[in-house]
2 protein chains.
Amino acid sequence: MTAIVNVSLKAGVLDSQGKAVHHALDSLHFNSVTDVRVGKQIILKLNETDKTKAMADVKQMCEDLLANTVIEDYEIELV
Amino acid sequence: MTAIVNVSLKAGVLDSQGKAVHHALDSLHFNSVTDVRVGKQIILKLNETDKTKAMADVKQMCEDLLANTVIEDYEIELV
């Protein structure tokens with residue numbers, strides 16, 4: 001089973017990386033861009049077949065390591 | 001319109017960040033994890049209404065800036 005975890009900064013938290021990318025896109029004349037947010041996508045291969053167990057495990061991994069839950073949100077998708 | 005760009009290392013390219021995360025998860029006793037790949041997710045807000053034009057623009061942004069196409073692949077989703 002594969003878990004896709006998307007970690008992104010919470011709304012309201014300054015995204016300096018996103019600002020830098022936005023500035024670079026402007027300088028390359030991509031003027032249709034109004035905002036840029038940059039996050040992480042973590043793809044986990046699991047040797048777990050039970051979806052409920054897998055979701056609980058991955059949620060715990062996010063809480064313990066993959067996301068800084070003070071300033072980041074995470075979404076988990078099992079495929 | 002919003003574009004979600006997922007940038008990930010090509011298969012076969014060593015993912016040192018993924019290896020580090022995998023090692024950390026092991027040390028936290030998450031033993032069901034067999035592989036970890038870490039990539040970027042870039043969320044672009046566009047003031048463009050034409051989907052075809054938006055897709056072409058974002059593709060060009062990936063080629064020019066957002067992805068290092070020598071070692072990275074990218075996927076674009078318009079929502």
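Bear in mind the structure is a predicted one, so any value in this text is a computation, not a measurement. The sequence lines fix the lettering, A, B, ..., with proteins before strands; numbering per chain opens at 1.
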Can you measure from [atom1] ([X]) to [atom2] ([Y]) and round to the nearest 0.5 angstrom?
{"X": "A:I42", "Y": "B:Q17", "atom1": "CD1", "atom2": "CD", "result": "8.0 Å"}
{"X": "B:F30", "Y": "A:D64", "atom1": "CZ", "atom2": "CG", "result": "4.5 Å"}
{"X": "A:I43", "Y": "B:N6", "atom1": "CD1", "atom2": "CG", "result": "7.5 Å"}
{"X": "B:D50", "Y": "A:S32", "atom1": "CG", "atom2": "OG", "result": "11.0 Å"}
{"X": "A:E48", "Y": "B:T34", "atom1": "CD", "atom2": "OG1", "result": "11.5 Å"}
{"X": "A:K45", "Y": "B:D35", "atom1": "NZ", "atom2": "CG", "result": "6.0 Å"}

(Q) Please rank B:L66, B:V7, B:L25, B:T2 by heavy-atom pairs under 4.5 Å with chain A and give me the top one. (A)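 Going by pairs under 4.5 Å, I would pick B:L25.
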
(Q) Just so I understand: if I count every heavy-atom pair under 4.5 Å between each of B:D57, B:V5, B:N47 and chain A, which residue has the most? (A)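 It is B:N47.
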
Verify same cluster id: [X], [Y] (apolar side-chain graph, 4.5 Å):
{"X": "B:I76", "Y": "B:L9", "result": "no"}
{"X": "A:I4", "Y": "B:I4", "result": "no"}
{"X": "B:Y74", "Y": "B:V13", "result": "no"}

Q.
Looking at B:E63, I want to see if its CD is surrounded by more than 12 non-hydrogen atoms of other residues, nucleotides or ligands under 6.0 Å.
A.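 Yes.
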
Q | chain B contact via A:L44 - side chain, backbone, both or neither, heavy atoms under 4.5 Å | A |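 Interface part for A:L44: both.
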
(Q) Please classify the contact of B:L46 with chain A as side chain, backbone, both or neither, using a heavy-atom distance under 4.5 Å. (A)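 Contact with chain A involves both backbone and side-chain atoms of B:L46.
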
Q | Option passing side-chain contact (heavy atoms from CB on, under 4.5 Å) with A:M61 (candidates B:V36, B:V21, B:V33) | A |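 One option only clears the test, and that one is B:V33.
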
